[in-house]
Undergrad: 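What follows is a single structure, and I will ask about it in a moment.
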Amino acid sequence: GKGSLRIMSLLLPPPLLLNASEFRDVMNHGRSSSHVRSHKKLHGWSPDQNQWNEKLYPFWEKGDPRWKDCWRGGKVVARLTSDSPALVGSNVTFTVTLHFPRCQIEDNDSNIVYDRNCRNDSSDFPDQYVYNWTTWIDDCGWENCTSNNTHNVFPDGRPFPRHPGWRRKNFVYLFHTVGQYYQKTGGSSAIISINTTNITLGKQMMVVSVYRRGHRTYVPVATASGIYVVTDQIPLYVNLSQKNDRNASDSVFIKDSPITFDVKIHDPSHYLNNAAISYKWDYGDGSGSFISNSPISNHTYTLQGNFSLNLTVQAIIPIPCGPATPTPPLPTSPVTTIPPYNLDSPISAGVMEDTPDGGCHIYRYGHYKTTISIVEGILQVNIIQMTSVQMTVAQGENSLVDFVVTCQGSLPTDACTIVSDPTCQVSQNVVCDPVEVTDQCLLTIRRAFNEPGTYCVNITLGDDASQALTSALISVNGGSSSRTVEGVLIASGFLVAFVIIVSLLLYKRYKEYKPIERCAEQAVNREGLSVYFNNVKAVLFPGNNERDPLLKSKPGIV
């Protein structure tokens with residue numbers, strides 16, 4: 001009796017549910033959605049239990065043969081990117097861009113047309129258009145015909161937003177994350193931003209499906225997915241730089257020269273614009289802690305060795321007062337609460353505090369730690385003398401100039417010179433060669449100049465960890481028997497302003513000089529010009545700018 005009736009009812013499911021699809025059935029692609037119950041409601045997003053109109057928006061599984069014919073001329077690829085990681089409470093932005101098959105582009109009316117500029121011998125364009133949706137609109141298919149008004153809806157039946165030009169938005173983008181979905185129309189790209197306040201901390205998945213307009217239904221053309229991260233710690237990185245450092249990426253820096261620490265906070269949605277941010281530094285050399293409101297700090301290490309650098313960033317974020325909203329918990333463990341103003345805390349969490357001024361605030365923290373090595377390095381390079389060397393007739397018309405160079409700090413292992421035009425912008429000749437300097441940094445670099453003129457000369461001395469640069473403007477006058485050289489050191493900030501520099505009067509002093517290194521058959525030009533430079537600082541060139549153009553050259557004669 002009753003038992004048999006009960007069994008029969010289980011064997012007869014309601015027919016309306018047999019073909020019913022929900023957003024989670026389509027957008028999860030078979031993945032389990034049991035975890036989504038822990039997420040709170042996202043503003044403007046809908047729960048994925050809503051029904052999906054599969055007749056108007058067909059769903060194809062991966063590997064379905066219909067994917068091969070969903071787009072004329074090839075395959076459309078959807079690329080999904082985000083500005084993750086996002087600090088909880090801020091916005092995270094997603095961008096979807098459609099990449100069409102070769103020679104297909106979107107025109108000003110959002111139609112897909114063939115790009116005639118990429119035509120070659122193998123290209124065959126049967127028509128101007130790949131998809132001419134403007135014709136469909138003009139033929140009333142998407143505007144005036146009441147029989148087709150039901151087509152201007154999303155998969156859940158809600159109508160398209162009626163903004164200017166809405167009928168020319170020929171793609172439908174469906175976003176799905178944390179058990180909720182968002183839908184919008186667009187052209188060949190779409191951008192959305194969501195607030196992360198109610199999203200659980202950790203890694204999350206965003207899935208997007210893209211449909212194009214068809215005559216009777218919308219046709220799937222591409223899908224994409226990507227991981228994004230929501231964190232309660234301030235995302236940041238620190239850029240370390242130092243004058244004369246040869247390679248900042250190796251974490252090896254020079255003793256007795258200031259290092260610049262530049263903190264970059266990743267906050268693309270400007271969530272921290274109104275926050276009070278402080279930076280607590282511990283450089284690891286026993287100098288103590290240093291707290292600053294500036295993201296840029298300088299510190300000089302006076303000892304060699306390895307040092308552990310620690311940074312804690314605190315942000316006091318103003319928020320409207322009201323019931324405290326705790327930080328969304330991590331999937332595996334609760335979040336630890338941190339007392340405010342504790343910059344030594346190893347974990348970052350939010351604390352809402354009612355301050356005496358009547359406002360409320362949340363405290364967030366970020367941390368950075370690294371180990372750097374401090375070594376001896378070249379601190380400064382100076383040209384103390386320039387002398388022209390007389391050439392015999394047999395030796396040709398080239399002018400030789402000796403540059404006497406000194407440096408401070410460690411001894412160099414290589415020397416490079418680069419000769420440029422007077423503006424110091426166009427390189428004409430580059431020579432690099434190893435050097436052997438024993439007890440003190442003093443060497444002569446001889447360079448040849450093919451013809452008279454004004455030249456910009458950069459001389460760089462380097463070792464494994466450092467590289468220092470000095471520059472000079474050289475004027476070489478004609479005549480093999482009477483060539484003279486005059487020059488003046490210039491700072492890197494004035495390299496481009498050569499026109500201003502050469503307008504200065506150069507004071508000439510002639511003095512006999514015996515080069516430190518010279519060939520026996522070469523005589524010194526007793527009427528050569530010697531110019532002495534005292535107390536001239538080395539040019540402030542960043543290490544990465546000094547390194548590349550000089551060390552990639554061929555070896556030459558020092």
Undergrad: Does His266 reach the main-chain N or O of Ile234 with its side chain, forming a donor-acceptor pair under 3.5 Å?
TA: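 The answer is no, because no donor-acceptor pair under 3.5 Å joins these two groups.
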Undergrad: So, Thr177 and Tyr228: side-chain donor and acceptor under 3.5 Å apart, yes or no?
TA: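 The criterion, which ignores hydrogens and geometry beyond distance, is satisfied for Tyr228 and Thr177.
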Undergrad: With a 4.0 Å cut-off, would you call Asp282 and Lys369 a salt bridge?
TA: no
Undergrad: Ignoring hydrogens, what is the shortest heavy-atom contact between Ala190 and Lys184? Give both atom names and the distance.
TA: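 Smallest interatomic distance, heavy atoms only, reads CB-CD, 4.3 Å.
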Undergrad: Is there a donor in the side chain of Asn50 and an acceptor in the side chain of Tyr181, or the other way round, less than 3.5 Å apart?
TA: yes
Undergrad: Could you state the interatomic distance from OG1 (Thr196) to CG (Leu87), rounded to the nearest 0.5 Å?
TA: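 Answer rounded to 0.5 Å: 7.0 Å.
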Undergrad: Can you name the closest pair of heavy atoms from Cys407 and Pro412 and give their distance?
TA: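 Minimum heavy-atom contact is SG-CD, 3.8 Å.
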Undergrad: Can any side-chain N or O of Ser84 pair as donor or acceptor with the backbone N or O of Val229 at less than 3.5 Å?
TA: yes
Undergrad: Find out whether Ile296 and Thr260 are in side-chain contact, i.e. whether some heavy atom of one side chain is under 4.5 Å from a heavy atom of the other.
TA: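 Ile296 reaches Thr260 side chain to side chain.
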Undergrad: Would you find a donor on one side and an acceptor on the other, under 3.5 Å apart, between the side chain of Trp67 and the backbone of Glu61?
TA: yes
Undergrad: For the pair Gln425 (side chain) and Asp421 (backbone), establish whether a donor and an acceptor sit closer than 3.5 Å, ignoring hydrogens and angles.
TA: no
Undergrad: Determine, step by step, whether Ile372 and Leu240 satisfy the side chain to side chain contact (heavy atoms under 4.5 Å, CB included) criterion, reporting the C-alpha distance in whole Å, the side-chain angles of both residues, the deciding distance to 0.1 Å, and the verdict.
TA: CA-CA 10 Å; Ile372 61 176; Leu240 283 68; 3.9 Å; yes
Undergrad: Can you tell me how far the OG atom of Ser90 sits from the CG atom of Asn195, to the nearest 0.5 Å?
TA: 7.5 Å
Undergrad: Run His361 and Tyr363 through ring pair (Phe, Tyr, Trp, His ring centres under 6.0 Å) and show every step you take.
TA: CA-CA 7 Å; His361 303 83; Tyr363 294 79; 7.0 Å; no
Undergrad: Hey, is the main chain of Asn91 close enough, under 3.5 Å, to the side chain of Ser269 for a donor-acceptor pair?
TA: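 Side chain of Ser269 to backbone of Asn91: a pair is present.
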Undergrad: What's the shortest heavy-atom distance between Ala275 and Ala315, and which atoms?
TA: CB-CB, 4.4 Å
Undergrad: What verdict does the side chain to side chain contact (heavy atoms under 4.5 Å, CB included) test give for Trp71 and Ile112, after you've listed the backbone C-alpha separation in whole Å, the side-chain angles of each residue and the deciding distance to 0.1 Å?
TA: CA-CA 11 Å; Trp71 190 270; Ile112 309 301; 3.9 Å; yes
Undergrad: Does the gap between the ring centers of Tyr211 and Phe171 come in under 6.0 Å?
TA: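 Ring centroids of Tyr211 and Phe171 are no less than 6.0 Å from each other.
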Undergrad: Any chance you could lay out the salt bridge (Lys or Arg N to Asp or Glu O under 4.0 Å) test for Asp245 and Lys243, step after step, and finish with the verdict?
TA: CA-CA 6 Å; Asp245 179 42; Lys243 175 189 173 183; over 6 Å; no
Undergrad: Is it true that atom CG of Asn273 has more than 12 heavy atoms of other residues, nucleotides or ligands lying nearer than 6.0 Å?
TA: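 For Asn273, atom CG is crowded (more than 12 foreign heavy atoms under 6.0 Å).
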Undergrad: Report yes if the side chains of Val263 and Tyr279 come closer than 4.5 Å at any heavy-atom pair, otherwise no.
TA: yes
Undergrad: Working to the nearest 0.5 angstrom, can you tell me the gap between Ser241 OG and Asp262 CG?
TA: 7.5 Å
Undergrad: How far apart are the closest heavy atoms of Arg246 and Asp414, and which atoms are they?
TA: NH1-OD2, 3.1 Å
Undergrad: Considering only heavy atoms from C-beta outward, does the side chain of Tyr368 approach that of Thr312 to under 4.5 Å?
TA: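 No, every pair of side-chain atoms sits at 4.5 Å or beyond.
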Undergrad: Going by atom types alone, do Asp48 and His176 pair a side-chain donor with an acceptor below 3.5 Å?
TA: yes
Undergrad: So Ser188 and Glu106, side chain to side chain donor-acceptor pair (under 3.5 Å) or not? Walk me through it.
TA: CA-CA 7 Å; Ser188 60; Glu106 185 180 39; 2.7 Å; yes
Undergrad: Do the side chain of Ser471 and the main chain of Asn458 share a donor and acceptor less than 3.5 angstrom apart?
TA: no
Undergrad: Any chance you could lay out the side chain to side chain contact (heavy atoms under 4.5 Å, CB included) test for Ser466 and Leu461, step after step, and finish with the verdict?
TA: CA-CA 8 Å; Ser466 60; Leu461 302 182; over 6 Å; no
Undergrad: Where the side chain of Ser257 meets the backbone of Ile254, is there a donor-acceptor pair that is under 3.5 Å apart?
TA: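 Not confirmed, Ser257 side chain does not pair with Ile254 backbone.
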Undergrad: Output yes when a side-chain donor or acceptor of Glu376 lies under 3.5 Å from a complementary backbone atom of Gly409, and no otherwise.
TA: no
Undergrad: If you count the non-hydrogen atoms of other residues, nucleotides and ligands that lie under 6.0 Å from CG in Asn239, is the total more than 12?
TA: yes
Undergrad: Do you see a donor-acceptor pair shorter than 3.5 Å between the side chains of Asp463 and Ser410?
TA: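 Side chains of Asp463 and Ser410: pair found under 3.5 Å.
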Undergrad: I'd like to know whether Gln183 forms a side chain to side chain donor-acceptor pair (under 3.5 Å) with Asp156, so could you lay out the CA-CA distance, the side-chain angles of the two residues, the decisive distance to 0.1 Å, and finally the verdict.
TA: CA-CA 9 Å; Gln183 48 198 6; Asp156 61 2; 2.8 Å; yes
Undergrad: Drop me the distance from Ile259's CD1 to Leu309's CG, to the nearest 0.5 angstrom.
TA: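 Here the interatomic distance stands at 9.0 Å.
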Undergrad: Which heavy atom in Asn244 sits nearest to a heavy atom in Ala468, and how many Å separate them?
TA: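 Heavy atoms only, the tightest pair is OD1-CA, 3.5 Å.
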Undergrad: I'd like to check Asp256 versus Tyr301 (side-chain heavy atoms, cut-off strictly below 4.5 Å). Are they in contact?
TA: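 Of all side-chain heavy-atom pairs linking Tyr301 with Asp256, none is under 4.5 Å.
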Undergrad: Give, for atom CZ of Phe307 and atom OG of Ser287, the distance between the pair rounded to the nearest 0.5 Å.
TA: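 Taking CZ in Phe307 and OG in Ser287, the distance rounds to 9.5 Å.
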Undergrad: Are the side chain of Thr95 and the backbone N or O of Thr81 linked by a donor-acceptor pair below 3.5 Å?
TA: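 Flag not set: sc Thr95 to bb Thr81 has no pair under 3.5 Å.
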Undergrad: Check step by step if side chain to side chain donor-acceptor pair (under 3.5 Å) holds for Ser46 and Arg158.
TA: CA-CA 11 Å; Ser46 305; Arg158 279 181 285 184; 2.6 Å; yes
Undergrad: Got Ile277 and Ile265 here, is their nearest side-chain heavy-atom distance under 4.5 Å?
TA: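 A side-chain contact under 4.5 Å exists here.
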Undergrad: Phe261 vs Tyr283 aromatic rings, parallel, tilted or perpendicular, using cut-offs 30° and 60°?
TA: tilted
Undergrad: Tyr57 vs Trp52 aromatic rings, parallel, tilted or perpendicular, using cut-offs 30° and 60°?
TA: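 Judged by the thresholds at 30° and 60°, the geometry between Tyr57 and Trp52 is perpendicular.
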Undergrad: Do the side chains of Phe175 and Met27 get nearer than 4.5 Å, heavy atoms only?
TA: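 Counting from C-beta outward, Met27 and Phe175 never come under 4.5 Å.
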Undergrad: Check the pair Gln314 / Ile316 against side chain to side chain contact (heavy atoms under 4.5 Å, CB included), numbers first and verdict last.
TA: CA-CA 7 Å; Gln314 175 183 269; Ile316 306 175; 3.8 Å; yes
Undergrad: Looking at side-chain heavy atoms only, is the closest gap between Val381 and Thr406 below 4.5 Å?
TA: no
Undergrad: Measure the shortest side-chain to side-chain distance between Val238 and Leu311 over non-hydrogen atoms and say whether it is less than 4.5 angstrom.
TA: yes
Undergrad: Around Asn108, counting heavy atoms of other residues, nucleotides and ligands shown, do more than 12 lie under 6.0 Å from its CG?
TA: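 Counting other residues, nucleotides and ligands, CG of Asn108 stays at 12 neighbours or fewer.
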Undergrad: CD1 of Ile459 to OG1 of Thr470: how many Å apart, nearest 0.5 Å?
TA: 7.0 Å
Undergrad: So, does Gln242 use its side chain to make a donor-acceptor pair with the main chain of Ala248 at under 3.5 Å?
TA: no
Undergrad: Dump the intermediate steps for side chain to side chain donor-acceptor pair (under 3.5 Å) on Asn310 and His367, then the final yes or no.
TA: CA-CA 8 Å; Asn310 287 275; His367 306 277; over 6 Å; no
Undergrad: Using every non-hydrogen atom in the two residues, find where Thr460 and Leu469 come nearest and quote the distance to one decimal.
TA: OG1-CD1, 3.2 Å
